[in-house]
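Note: hydrogens, waters and symmetry copies are ignored here, and every other heavy atom, side chains too, is used. Just follow the structure's listing: the first ligand is 1, and inside any ligand the first atom is 1.
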Amino acid sequence: MAVNGTGNGAMAVNGTGNGTTGPSKTVLVTGGAGYIGSHAVLQLLAAGFRAVVVDSLGNSSELAVRRVAALAGEHARNLSFHKVDIRDKDGLEKVFSSTRFDAVIHFAGLKAVGESVQKPLLYYDHNIVGTINLLEVMAAHGCKKLVFSSSAAVYGSPKNSPCTEEFPLTPHNPYGRTKLIAEEICRDIYRSDPEWRIILLRYFNPVGAHPSGYLGEDPRGTPNNLMPFVQQVAVGRRPSVTIFGNNYATKDGTGVRDYIHVVDLAEGHVAALRKLFDNSSNIGCEAYNLGTGKGTSVLEIVNEFEKASGKKIPLVIGQRRPGDAEILFSVARKAERELNWKAKYGITEMCRDQWNWASKNPYGYESPDSPKQNGSNSH
Ligand code: NAD
Ligand code: UFG
């Protein structure tokens, strides 16, 4: 496999595999260098799609794309990468002018809830202006099939769980509002032009990593989410994890969430694409929860991670985090019924794979003795 930089922000990843039939569909993946996007791109390639990644690399590393290529084997020839910010409409226009896309998966955006409260305009800029740019360029090029990364954040803190897609949409923070606004934009576009086929995927709590240990979450700065924090404690980068409240009305007093293995989530995107390309069904603009349907407390998942890693995770009991839901987990039956998708993995596999990634890459993609800085390892 050869990885060629073209010097103009575009990278072609050419495999030397001897497959004879080319992929039938080409998918643009915005944010494909990120945590969920990189796993999804790998699953797309394995499923026989051609994937063109655009990413600003604002919260990710190009090494993630190289590792996807390394893991994809002969499918790597169907992967290419462009360093483009989706707020740069001309940049997007160039990508669309060079390739005809059958569909788009739109992951690109900012996702830190706390930061969105501090810098709302930044979030509206990336998540709304960027999305509008993308939709305009798609429409101009006649590409009207979209899978959008939404979030359980659109539900806010529902009074009851499990949470169905019909629950009220009342996000609590600017990040969640950007997801709801983007969903509404998608619904309006479909009403204005029924040729659009749009699937909105509302993710619950993605954790874990690719079982190879070569792809995973690598947040910049202090992690906002529980599992990246736990993993950094396990590898000695931080002394302890603070539990945000142990007096909730839950089984052990700590918050309950629906953790979902990132590979299951990635598979959800392949299932969504298949639905988009299945002309026998009407799609419209439809939202689906992607979760496991199981609630796990903070203490339960930390205990599971301790078992997987053999590491003691020192815990400090802290205050509740403002805006946190007490219990939030999904009913994902709609996805099972209509997308033919169901999460396969439980928290044991999530923690096993999270630790495998953490122990092989204690400092993420930039780890000093990281095995594949050159993207040339094979598995
Ligand atoms: P991530 O930060 O790892 O990936 C997002 C990617 O988008 C990054 O590679 C980043 O560089 C890129 N990006 C950001 N702004 C961009 C822009 N303006 N132009 C081009 N690229 C840009 O995050 P992730 O966890 O992989 O999340 C992917 C999507 O899923 C996001 O839209 C996020 O809001 C959504 N989501 C994530 C979670 C979660 O807990 N991880 C939960 C629900 C929804
Ligand atoms: N938690 C801690 N300590 C930490 C971090 C988190 O105790 O250091 C707790 C939280 O209070 C919560 C649970 O761990 O009970 C999970 O918290 P995360 O921050 O990992 O995840 P959230 O459920 O708060 O939010 C995540 C994403 C959002 C997304 C949401 C969807 O950050 O973008 O899942 O459910 F919208």
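- In this structure, Cys143 and Val104 approach most closely via the heavy-atom pair SG-CG2, 4.0 Å.
- Relative to the ring axis of Tyr214, Lys360 places its NZ or CZ within 45° and under 6.0 Å from the centre.
- A salt bridge between Lys312 and Glu306 is present, with a side-chain N of the basic residue lying under 4.0 Å from a carboxylate O of the acidic one.
- At a threshold of 4.0 Å, the pair Lys275-Asp278 does not count as salt-bridged, since none of the basic side-chain nitrogens sits closer than that to a carboxylate oxygen.
- If you look at ligand 1, the protein residues with a non-hydrogen atom under 4.0 Å away are Gly31, Ala33, Gly34, Tyr35, Ile36, Asp55, Ser56, Leu57, Gly58, Asn59, Ser60, Val84, Asp85, Ile86, Arg87, Phe107, Ala108, Gly109, Lys111, His126, Ser149, Ser150, Ser151, Tyr175, Lys179, Tyr203, Phe204, Pro206.
- Between Tyr123 and Tyr175, the angle of the ring planes goes over 60°, which puts this pair in the perpendicular group of the 30/60° scheme.
- A salt bridge links Lys89 to Glu136: one of the charged nitrogens lies within less than 4.0 Å of a carboxylate oxygen.
- Two rings, from Tyr35 and His39, have their centers less than 6.0 Å apart.
- Sorted by chain and number, the heavy-atom contacts of ligand 2 below 4.0 Å come from Lys111, Ser151, Ala152, Ala153, Tyr175, Tyr203, Phe204, Asn205, Asn224, Asn225, Leu226, Thr242, Ile243, Phe244, Gly255, Arg257, Tyr259, Val298, Arg321, Asp324, Leu328.
- Arg257 forms no cation-pi arrangement with Phe204, by the criterion of a distance under 6.0 Å to the ring centre and an angle within 45° of the ring axis.
- Salt-bridge annotation for Glu195 and Lys144: present, with a side-chain N of the basic residue lying under 4.0 Å from a carboxylate O of the acidic one.
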